[in-house]
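The block underneath contains the structure these notes are about, expressed in structure tokens.
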Amino acid sequence: MNAGPPLPPALPDWNGDVAAARALQVELARRVVLADAFPRPPRTLAGFDVGFEDGGATTRAAAVLLDADSLQPLEAHVARVPTRMPYIPGLLSFRELPALLDALARLSRAPDLVFVDGHGIAHPRRLGIAAHFGVATGLPSIGVAKRVLVGEHAEPGPVRGDAAPLLHRGEAIGVALRSKPRCRPLIVSPGHRVSLPGAVEQVLRCLTRYRLPEPTRLADRLASRRDRGA
DNA sequence: GCGACAG
DNA sequence: ATCTTGTCGC
């Protein structure tokens with residue numbers, strides 16, 4: 001194996017110490033691998049997203065497993081856990097990861113590639129929720145966010161597939177990708193065991209008629225309560 | 001000191 | 001994220 005140094009505690013109980021949480025992110029970010037290390041092409045994909053109930057007291061996470069070729073869902077699960085921490089920009093993963101891991105455990109098999117709603121390395125310390133999820137589980141992951149957290153980018157062209165690099169402190173940390181005409185671009189960034197070009201390539205492969213790629217779109221519907229049966 | 005700020 | 005109806009546009 002190639003385990004490398006053991007992982008620092010990924011989810012310490014929240015005690016309000018923002019500085020300590022940030023320091024842990026810097027430590028975990030060192031474990032992120034930005035090279036494509038997943039089955040190519042992948043056979044199964046998984047999409048993850050989080051929502052809240054009871055005025056935020058309960059965190060609800062959705063996990064959807066899909067066939068990579070047909071993009072059809074194979075399994076869908078929802079996990080509910082008590083919310084332990086408030087939302088703090090830059091520390092999102094500490095708040096949402098517990099629920100996501102619970103949802104992941106419900107899948108009957110491990111996916112070849114994971115898509116998480118939120119950023120990968122397009123984060124102040126390069127550890128957005130998708131990257132944290134990847135390092136914590138060892139699974140290849142990609143971050144698909146609807147808005148920028150850090151960095152700047154030019155307006156991408158109007159055609160699906162047009163992209164503009166997201167830059168931060170001289171680094172290309174992601175891409176603003178036009179996934180659908182007349183819609184704000186998605187911010188795609190590598191999570192773990194995926195390169196930036198690889199992340200964009202895989203997201204493009206999952207686009208149909210909507211703004212979000214299928215894995216994240218399906219998880220989004222389950223997590224956000226507007227999953228009107230059928 | 002004044003904004004910005006994933007979900 | 002969530003609170004919320006109808007409405008403008010393709």
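Treat the numbers as computed from the prediction; the structure is a model and nothing was measured. What's counted below: heavy atoms across the whole structure, side chains too, no hydrogens, waters or symmetry copies. Proteins come first, then strands; the chains are lettered A, B, ... in the order of their sequence lines, and each starts at number 1.
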- prompt: Quick one: which of A/Val32, A/Ile121, A/Asp36 gives a side-chain contact (heavy atoms from CB on, under 4.5 Å) with A/Val194?
  reply: A/Asp36
task: Check each residue of residues 144-180 of chain A for a non-hydrogen atom within less than 4.0 Å of any atom in DNA chain B, then write out the ones that pass by number, or none.
output: A/Ala145, A/Lys146, A/Arg147, A/Val148, A/Leu149
message: Does A/Gly51 reach a base, just sugar-phosphate, or nothing at all? Heavy atoms under 4.0 Å.
response: sugar-phosphate
- prompt: Heavy atoms, side chains only, cut-off 4.5 Å: are A/Thr44 and A/Pro111 in contact?
  reply: yes
message: Checking side-chain polar atoms at under 3.5 Å, does A/Gln202 have a donor or acceptor matched by the opposite partner on A/Arg205?
response: yes
query: What nucleotide, of C/dT2, C/dC10, B/dG7, holds the atom closest to the side chain of A/Arg182?
result: C/dC10
- prompt: With a 4.5 Å heavy-atom cut-off, do A/Leu91 and A/Arg22 have their side chains touching?
  reply: yes
task: Figure out the CG/C1' separation between A/Leu100 and C/dA1, and round it to whole Å.
output: 13 Å
With A/Val116, the side-chain contact (heavy atoms from CB on, under 4.5 Å) member among A/Leu100, A/Val144, A/Ile142, A/Thr216: A/Leu100
query: Is the ring of A/Tyr87 stacked on the base of B/dG7, with centres less than 5.5 Å apart and planes under 30° off?
result: yes
message: Tell me whether A/Arg184 at atom CZ has more than 12 heavy atoms from other residues, nucleotides or ligands lying less than 6.0 Å away.
response: yes
- request: Provide, to the nearest angstrom, the distance between the CG atom belonging to A/Leu97 and the P atom belonging to B/dA6.
  value: 18 Å
message: Whole angstroms only, please: what is the CG-P distance between A/Leu91 and C/dA1?
response: 18 Å
message: Between P on B/dG7 and CG on A/Asp117, what's the gap in Å once rounded to a whole number?
response: 6 Å
task: With heavy atoms under 4.0 Å as the rule, sort A/Ile187 into base, sugar-phosphate or nothing.
output: nothing
task: Calculate the interatomic distance between A/Ile142 atom CD1 and B/dA6 atom C1'; express it in whole Å.
output: 17 Å
message: By the 4.0 Å heavy-atom rule, please label A/Gly143 as base, sugar-phosphate, or nothing.
response: nothing
field: For atom CZ of A/Arg95 and atom C1' of B/dG7, their distance in whole Å
entry: 8 Å
statement: note: A/Arg125, atom CZ; B/dC5, atom P; distance rounded to Å ~ 16 Å
- request: Please confirm whether A/His132 and A/Phe94 have ring centers closer than 6.0 angstrom.
  value: yes
Interatomic distance where CZ belongs to A/Arg22 and C1' belongs to B/dC5 [whole Å]: 11 Å
